[in-house]
Structure formats: C-alpha cells, structure tokens
Amino acid sequence: MQETKPTVKRSYTTCGELNAGNIGEQVTLKGWVNRRRDHGGLIFLDMRDRYGITQVVINPENARDAHAVAEGVRGEYVLAVTGKVGERPEGTENPNMATGEIELVVSDIEVLNPSKTPPFYVNQESDVDESLRLTYRYLDLRQPRMQRNLRLRHRAIKIIRDYLDDRDFLEIETPIMVKSTPEGARDYIVPSRVFPGDVYALPQSPQQLKQLLMVSGTDRYYQIARCFRDEDLRADRQPEFTQLDLEMSFVDREDVLDLTEGLFVKMFSELAEKPLKDSTFPRLSYQESLLKYGTDKPDTRFGLEISDVSEIVASSEFGVFANTVKSGGVVRGFSVPGKGDIPRSQVDALTSAAQGFGAKGLVWIGLEEGENGLSARSPIAKFLSDDEVNNLATATGASAGDLMLFVADKEAPTAEVLGRLRNHVAHEYELIDEGSHAFCWILDFPLFEWDEDGNRWDAAHHPFTSPMDEDVQFLDSDPARVRAKSYDLVLDGFELGSGSIRIHDRDIQNRMFGLLGYSDEQVEERFGHLLRAFEYGAPPHGGIAPGIDRTVMLLAGEHNIREVIAFPKNQSGQDLLMGAPSPIDETQLQELHLQLDLPPEEDHEDE
RNA sequence: GGAGGCGUAGUGUAGCGGCCUAACACGCUGCCCUGUCAAGGCAGAGAUCGCGGGUUCGAAUCCCGUCGCUUCCGCCA
C-alpha cells in the first residue's frame, strides 16, 4: 500500500517509497532507527517512518565518518541519512519488505536527535501492559499497527465528509460548553468564573443544537462531534467519544435509513478487510430482535436463533416448564449444531455461565436418533414425551447430534439470559463467522420504558422522539404499547448508533413531557429554549448519530475503542500521559468561587 | 457500588510451600565480527516477586486485607 500521494513534494525521502526504479538516485531519508545490525565492518540500519521501512547500509571503507556515527546510533534515534539508492547484491534481497529490492548506501549520517531506550518495544508487536502504553502513548502510536489505526480513522472520517458533502450536508460546529440538563447520563461540569455558582456542562451529544439547526433552516447538518458522558467506562465506552451527528429536515424514517446505509456500505466496501454479510441491511423489529437474539444489538454473524417453546411445554410433566408458563412466564431456547454429545463437564460449564447471566437454571437436551424419531439425553428426559422432544427439536431447528438449551423464566430475564448465553456459546465453540461484517437495523422500539426505581415512564430514546403515527392514540391509555419512530444501527453485536424522527408538533411534545412526569417549571427550565424555537416554524426532521470510535474499532478488527483513539483514558477515566485529572490551585478555586469538600482520606497509620 | 481475571528485572513470561543465592527470551552495557534483515559470538549489569498483615521451622508460591490495571454487571435520556 503506497500511502504517499504523488502530489506530495518533500525535501527528503520517506522510508516507504523507494524501489528498484530509484536505483542510482541520491536521496536523504529521515526517520527513526527501527533496528540496527552491526557487523563490525558493515552496519545495517532499518529506518522507519509512517510510510515504511528502508534498509540503510554503512560501509566503513567508503564512509568512514558516517560509520563512526552509526556505531553510536541506537534504536529510536532520529536520523537524516544521505546516500545513493543501490540495488541489493544478488541473494540479499528481502521479499518480505516493500523496499526489499534496494538499500540506501550511505555517505553521510546526521543524528537529528538521540533517544533513550524505550520502555517497551516500538519495533515489534508485543502485549505490553496498557497503562504503560498509555503513559508513553507517543511511543505506542509510533508502532505500525497504531499508525494504521490512526490512518484508518482519518480515512473513515474523510469518506463521511465526502459522502455527506455530495448530499448537501453542511458540517457545523456546536459549542462544547453548553447548558446542563440533569437527566440521562451524568454531565461533566465547567464552573463559571463570572457567574458564581453557575456551571456550563459539556454536551452529552449535540442533540438539542442539531434540532435548533433544523429550525434555523439549515436543512442538512452533520458534525464529527465530541460527546461527553460522566459514566463508568467499558471496552467500547470512553468518557469522551466521537459521533457522526447528523440531522435532516423534511424526512421520514426511510430517508435517514437509506442515507446511513449508503454511507456505511461505502465506508466498509472501501476500508474493511472483510466483506459485508448483507449489502442491504436486514431489518428487525425490537420485539423480533429480543425474541430471536435476546438483545437489541444482535450479532447476526452466526445463527443460534432463539425460539419460544412455551406452548409445546405448557402441559409438560416437567414442572418447572409447565409452572413457568402457567404463571405467565416463557420457555425459550436454541440449538447448538453437533454438540449433542459434549461431556457433562462442558454442559455444567454452560449451566454456570447461564446462572452467571441471571438464569435460575439451564435445561439441556442432547438429541440422538431414537425409535420414534429423536430421543433425548438429558436430566429431564424422563419427564419428556417423544412428541415433546420432537416438537422442541422442530421448534429450535435441531436434529440428531445437536444440543438444545432452554431457559424458563419471566420474559425479560429469559431473553437476556439466552441472549448472553447465545453469545457465550458462539464464542466458546467458535461459531462466529469472523470473515464478514453483519449490519442490521433494529426498528420499532417502544417509546417509553418503565422505570422501576422512579415508578414512572422514561423516554426509551429521548423525550423528543416521535411516536409512530398509528400509536399516538395510545399515548394516554397504554403508553407501553406506543412504538417510536426510532432506529438503531447494529454491527457485529455492537450498537453503532441510534436515531429517530423527532417530534415537531408542540401538542404531542407537551403530552410527552406530561407522561414523563415533568412539571411545567421543569420543562421550561430544561427545554424552554427548544420548545420556543419549535413555535417559530419547525420543519419535520430526524437524524442519527453513529459512533465513530466503535465503527473504526470494528473496521480495524480491534476489540477495544482505545486502540483507535489517539489519546484515550484508562478505565478510571484518567489520562495517564498528561496526568489528568489533577488537583487545582487554591487561586483557581477562589476565582471560581469553589470550596472543596473532600471525602476523608483513608489513613492506615491512625488505626 | 458489585463480580471475575491479572500483578515476578526495562518488556513478555516461567516458577505455584524447601531443589529460588528466583529461571528463560528479548531489550540494555562492553568486547569481537564486512551482507545482515528477529544478524551472530563472548562477557556483564539489571528483581526488596505490587504493598501490608497472617499461617508455617520455611512463603514469589497458601490465607486475609489493600492498591493498581483490565473485563463484565449496575450506570450509559
């Protein structure tokens, strides 16, 4: 891969561009010493930069001064080496190197900067403790894999910009210091010096601002937007992260889905190493996804689809099944091909995994050829009739030699347990098709979800999400039944982003707030600015906000978004390179009218 | 806030009650070496085994606590 663009002119040569066509040219390479091989006479240096590695050879017989310099050179020294591009002697070509046909025969070396011995290898892949990598992130980023990730991220964002520019979108920046709206995630707070006691908040997303841009007539907006949420971290979650935030006017759901799908197909066809499983993204309703995959972010690269077998076992002699169904619960399960004869130890491991996911128990049934169709090898075999065994097999798509796994409980925990068990089994038995990427859309989310703790309805997406037209009639009578015009984009089991068509009707918006239990004062305080804007001619609008970090992570084949963020934070939210967060001066506190009220220091010596 | 995993020279690992006066590889330092590309050869330096306590005649090893990192749950409109 030639990364250097032909139009780029430099006064020196990069370490990735020389080949047999340059033999005889006088050039200067600038870069880092990747490796040094000192033969006493000849010294070989591998020079590395972002573009590649080029071998440099120093011969004491025709470059005495350069040789003396090269003797003192070590790894990661920054050099300017000048010489003539030479054909490598017969038999010493290196077919593993892009520049392996040639070498630079050095006449002069200038040490631009020496380097201490790095705390970990820059010149080879190794599994170094991540906090060390983060502390010396600049060295970590020097490695080819990380350079590749940074470049991939750049390319992905470039494709986004070109694609949206072609479609009349304007890239518009929104403020980083905004108003705190205490709901959803915890805000990061910036105290005001000028207004004692008042604060700005960092945006959790530019949600309200992009809607205001729609009211402004901007029509099509996007932004590579930094978002901030003060919540605990995960492998795919950082306290600050980047979204492709976009919003369009005069659109319905189909328009947003089409536009987004086109963008991701383009991005993945140009950048991904693996093909898309489906170039048209399959669509699942939320209900369907929960039933078949036990989650609203299914990994559709593998089967193991879940089936509801409640009816089959409703009158089973196996009490747990029958009683669960009788009391309004469900029995669901899936089959694992070819695993009908796994040893008891593995079955036990699956059971304890399921229990770890919250299951009360796990019923397993190994299927064998029997006299009347299939027969069951299972602790509960004696409770199951031949008919029941065969019907369960049919329902889960299982046949002889397969393993069936069932969970019985109330619907929500059953779905969750099976969803997580499905992922677990797929990993355990390597059933995931790692050779492709699988996108899908999840549609028809409920508009509300019941908040057990607060004993009230909560917006499933956010309070500006429009209900489905045909469900508006249930807003007051049966909120649980109201579906939203919202959608999630899912890739390989990761939620890449969600979006919705927004409410532009003031009456429906007011009813939403009423249902969510906001008082007029709260509505005015939190959303007054937005609602006032909606009174001046708000166009129907909607959008979506896919996460850039997760997208690039999956493009890069990484398992952690920190690998595609130049300067990420560790799991405690610390920046180990700069040392943030850090204490602040008394002077700064005074200027901000702040006093500290710190928790008591744990002092072991006092005890 | 909770649960699991990990913590041994600069890095990655081994050792998992006494053969440990802690091993190996790479890296590092010095010397030798003119065709290597994970160069090679020789010599050497480098570790209070995360920290604290306990059990034991004896602890890197077992137990408890604690700290750090990480994965997951809670949390993430």
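Chain letters run A, B, ... following the sequence lines, proteins first, then strands; residues in each count from 1. Because the structure is a prediction, the values reported are computed rather than measured.
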Less than 4.0 angstrom from a charged side-chain N to a carboxylate O is my criterion; do A:Glu231 and A:Arg237 meet it?
no
Going by ring centres under 5.5 Å and near-parallel planes (under 30°), is A:Phe44 stacked on B:U36?
yes
Salt bridge check: are A:Lys360 and A:Asp409 linked by an N-O gap of less than 4.0 Å?
yes
Counting side-chain heavy atoms from CB outward, which of B:G1, B:U70, B:U36 is closest to A:Arg562?
B:U70
Using a cut-off of 4.0 Å on non-hydrogen atoms, how would the nucleic acid contact of A:Arg420 be classed: base, sugar-phosphate, or nothing?
sugar-phosphate
Base, sugar-phosphate or nothing for A:Asn94? Non-hydrogen atoms, less than 4.0 Å.
base
B:C75 pairs with, by Watson-Crick or G-U criteria that keep both distances under 3.5 Å
none
Steps toward side chain to side chain contact (heavy atoms under 4.5 Å, CB included) verdict (A:Phe120, A:Asp129)
CA-CA 9 Å; A:Phe120 53 85; A:Asp129 178 61; over 6 Å; no
Stacking between B:G35 and A:His39, yes or no? Criterion: centroid separation under 5.5 angstrom, plane angle under 30 degrees.
no
Look at A:Arg37 and B:A39 and indicate whether a side-chain polar atom (N or O) is within less than 4.0 Å of OP1 or OP2.
yes
Output all residues satisfying side chain to side chain contact (heavy atoms under 4.5 Å, CB included) with A:Val78, sequence neighbours left out; order by chain, then residue number.
A:Trp32, A:Leu112, A:Asn113
Pick base, sugar-phosphate or nothing for A:Pro89, based on heavy-atom distances below 4.0 Å to the nucleic acid.
base
